[in-house]
Protein chains: 2
Amino acid sequence: MTSPVRLLLADDEHLIRGALAALLGLEDDLVVVAEAATGPEAIAMAIAHRPDVAVLDLQMPGADGVTVATLLRDELPGCRTMIVTGHGRPGHLKRALSAGVRGFVPKTVSAQRLAEIIRTVHAGNRYVDPELASDAIAAGDSPLTAREAEVLELSADGAPVAEIARRASLSPGTVRNYLSSAAAKLGAENRHTAVRLAQAKGWV
Amino acid sequence: MTSPVRLLLADDEHLIRGALAALLGLEDDLVVVAEAATGPEAIAMAIAHRPDVAVLDLQMPGADGVTVATLLRDELPGCRTMIVTGHGRPGHLKRALSAGVRGFVPKTVSAQRLAEIIRTVHAGNRYVDPELASDAIAAGDSPLTAREAEVLELSADGAPVAEIARRASLSPGTVRNYLSSAAAKLGAENRHTAVRLAQAKGWV
DNA sequence: CGCGGCTTCTGACAAATGTCATGGCGGCGC
DNA sequence: GCGCCGCCATGACATTTGTCAGAAGCCGCG
């Protein structure tokens with residue numbers, strides 16, 4: 001028998017992380033060698049313990065799972081990464097895959113299933129939850145140009161156009177044009193619903 | 001020794017629920033008698049299995065934890081309820097307490113700690129996470145009137161005033177007045193930032 | 001009973017926003 | 001090189017929103 005798979009677990013919810021560590025530890029071919037509660041901590045722990053697979057939560061303080069995965073790809077090429085998430089948006093999956101992530105699963109799977117997927121990933125294969133994958137395909141690519149997306153994101157907190165223009169170093173008129181065309185592309189009647197739509201698709 | 005505490009676990013994330021069930025089951029004075037993934041399912045399971053303590057996630061499909069707790073208080077007076085949540089907003093805590101919930105904890109606590117709190121709650125005492133409590137005190141009470149809150153909530157998805165008026169069966173002018181006064185009370189410069197603020201405080 | 005607060009409405013005005021046409025600039029593909 | 005597309009801007013216009021004053025009915029509290 002080969003040596004066990006060394007795991008890093010990163011999740012800001014101690015309850016989940018601890019429970020997960022306990023359950024995965026029961027599998028005799030898996031061993032949790034490090035845990036982290038924040039993005040930066042995950043990176044530090046990964047470098048210190050050099051796990052075979054890093055299981056990362058998508059939403060963490062400091063840096064999200066995809067960001068951590070991106071850094072890890074450069075720092076620790078031998079370490080496979082996978083994302084576990086509560087509510088995954090289509091856009092996140094795309095970002096994750098281009099960051100070299102090899103597994104993407106929702107928290108609705110069982111621990112049993114997660115263990116299998118960890119083995120799959122460790123073997124060098126990919127695994128993406130079928131439902132999330134079909135969502136991503138259905139959502140398609142963002143129809144927004146770079147500036148449209150940027151301006152839309154800046155308008156996410158409900159700031160007036162003048163404020164957005166200031167933050168983007170653009171003319172207010174230009175901002176209104178971008179917002180208008182972004183809303184048209186998304187089929188929204190105003191920029192606020194446009195923001196919601198884009199966020200739901202994970203495009204911002 | 002007394003008989004073990006019978007638990008109901010409700011959380012839509014199978015991974016967490018299963019892991020939690022396993023960990024809490026290790027405590028020899030606790031036993032998980034039922035699990036549920038949705039609000040309605042939690043209610044049905046509670047009535048069927050009559051647990052001593054119901055551990056409810058705040059965000060679940062169908063009906064949220066507080067709603068479930070409210071129903072349970074009437075249906076199963078002998079059953080203590082507690083809420084476990086990822087990101088608890090101040091307003092939620094208030095709603096939960098008035099629904100008769102006896103425990104309110106974030107998912108950042110350890111399983112060890114959760115087990116102790118379950119015992120505390122089962123003994124008839126209350127437990128509220130200190131940090132969440134101080135947040136709630138700092139946030140204070142909502143300054144909004146019932147209608148202001150209602151209209152603000154309807155405007156949450158960015159719908160235009162005409163749409164909100166239709167849904168609330170109010171005159172557009174009235175809606176604008178409510179939104180205006182709500183924004184003024186919250187110190188926001190428009191209704192969209194007002195919505196964000198109110199949501200952050202848990203007032204909507 | 002009167003006072004104050006909440007609810008609901010109207011009307012009017014100012015400001016912000018959405019829409020459209022138009023134009024210049026720069027890059028990319030054929 | 002020419003055309004297309006994205007980027008940035010301006011100006012004008014219609015629409016939507018925000019703000020304010022005023023007014024009526026209802027309810028609870030002292």
Side-chain angles (χ1 to χ4, degrees), chain A residues 91 94-95 98 139-204, chain B residues 91 94-95 98 139-204:
Chain A
K94 215 154 284 182
R95 267 181 60 219
S98 60
D141 275 330
S142 169
L144 304 176
T145 69
R147 282 297 179 287
E148 280 165 358
E150 182 192 337
V151 170
L152 201 56
E153 190 162 10
L154 286 173
S155 84
D157 60 355
V161 170
E163 172 75 9
I164 301 166
R166 219 180 38 69
R167 285 195 276 191
S169 301
L170 287 176
S171 140
T174 306
V175 169
R176 287 195 288 165
N177 286 340
Y178 281 152
L179 289 176
S180 184
S181 74
K185 284 178 181 175
L186 299 177
E189 34 188 287
N190 62 44
R191 62 199 164 108
H192 304 287
T193 66
V195 167
R196 311 255 162 194
L197 276 172
Q199 283 177 336
K201 302 258 193 179
W203 290 337
V204 293
Chain B
K94 216 156 283 180
R95 268 181 59 219
S98 60
D141 276 330
S142 170
L144 304 175
T145 69
R147 282 295 177 285
E148 281 165 357
E150 183 191 336
V151 170
L152 201 57
E153 190 162 10
L154 285 173
S155 85
D157 60 355
V161 169
E163 173 75 9
I164 301 167
R166 220 178 39 68
R167 283 194 277 192
S169 301
L170 285 176
S171 139
T174 305
V175 169
R176 285 196 288 164
N177 286 339
Y178 281 151
L179 289 175
S180 185
S181 74
K185 283 179 181 176
L186 298 178
E189 35 188 281
N190 60 44
R191 62 199 163 110
H192 304 288
T193 65
V195 167
R196 312 252 162 196
L197 276 173
Q199 283 176 337
K201 302 259 192 179
W203 290 336
V204 293

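Each chain gets a letter, A, B and so on, in the order the sequences are listed, and its residues count up from 1.
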Practice task
Return the value, rounded to whole Å, for the distance between atom CG of B:L170 and atom P of C:dC6.
Solution key: 16 Å
Exercise for the section: Give one of base, sugar-phosphate or nothing for A:N177, where a contact means two heavy atoms less than 4.0 Å apart. Expected result: base
Completion exercise
Residue pairs meeting ring pair (Phe, Tyr, Trp, His ring centres under 6.0 Å), one or both in residues 163-196 of chain A, sequence neighbours left out, come to A:H192-B:H192
Exercise for the section: Give me the bend of the helix from C:dC1-D:dG30 to C:dC30-D:dG1, using the axes of the five pairs at each end, rounded to 10°. Expected result: 40°
Exercise for the section: Nearest whole angstrom, please: distance from the C1' of D:dA9 to the CD of A:E148. Expected result: 15 Å
Practice task
Check B:P143 against B:W203 and note the closest heavy-atom contact, atom names and distance.
Solution key: CD-CZ3, 3.5 Å
Problem - Side chain A:N177, main chain A:S180, donor-acceptor under 3.5 Å - result: no
Handout entry: Pairwise distance CG(B:L144) to NZ(B:K201) - rounded to 0.5 angstrom
Key = 11.0 Å
Exercise for the section: Kindly say if B:T145 contacts the phosphate of C:dC6, meaning a side-chain N or O under 4.0 Å from OP1 or OP2. Expected result: no
Fill in the blank from the handout: note: A:R191, atom CZ; D:dT16, atom P; distance rounded to Å ~ 15 Å
Handout entry: Atom-to-atom span, CG of B:N190 to P of C:dG18 - whole angstrom
Key = 11 Å
Practice task
Could you state the atom-to-atom distance from CD of B:E150 to C1' of C:dT7 in whole Å?
Solution key: 11 Å
Fill in the blank from the handout: Between A:S155 and A:L179, the two heavy atoms sitting closest are OG-CD2, 4.1 Å
Completion exercise
Heavy-atom nearest nucleotide on DNA chain C taken for B:A146 and for A:G173; more 5' hit belongs to B:A146
Exercise for the section: For A:I164 and C:dA16, give me the distance from atom CD1 to atom P, rounded to whole Å. Expected result: 13 Å
Problem - Distance, rounded to the nearest Å, where A:R176 contributes CZ and D:dC8 contributes P - result: 17 Å
Exercise for the section: May I ask you to verify if any side-chain N or O of A:R147 is less than 4.0 angstrom from the OP1 or OP2 atom of D:dG6? Expected result: no
Practice task
Find out whether B:R191 and B:V151 are in side-chain contact, i.e. whether some heavy atom of one side chain is under 4.5 Å from a heavy atom of the other.
Solution key: no
Practice task
Taking only the side-chain nitrogens and oxygens of B:S171, find out if one of them lies under 4.0 Å from OP1 or OP2 of C:dT8.
Solution key: no
Exercise for the section: Can you tell me the distance, in whole Å, between the CG atom of A:L144 and the P atom of D:dC5? Expected result: 17 Å
Practice task
May I ask you to evaluate whether B:Y178 reaches the phosphate of C:dC6, defined as a side-chain N or O under 4.0 Å from OP1 or OP2?
Solution key: no
Practice task
Respond yes when some side-chain nitrogen or oxygen of A:T174 is under 4.0 Å from OP1 or OP2 of D:dC7, and no when none is.
Solution key: no
Completion exercise
For A:L186 and A:A194, the nearest pair of non-hydrogen atoms, with its separation, is CD1-O, 3.5 Å
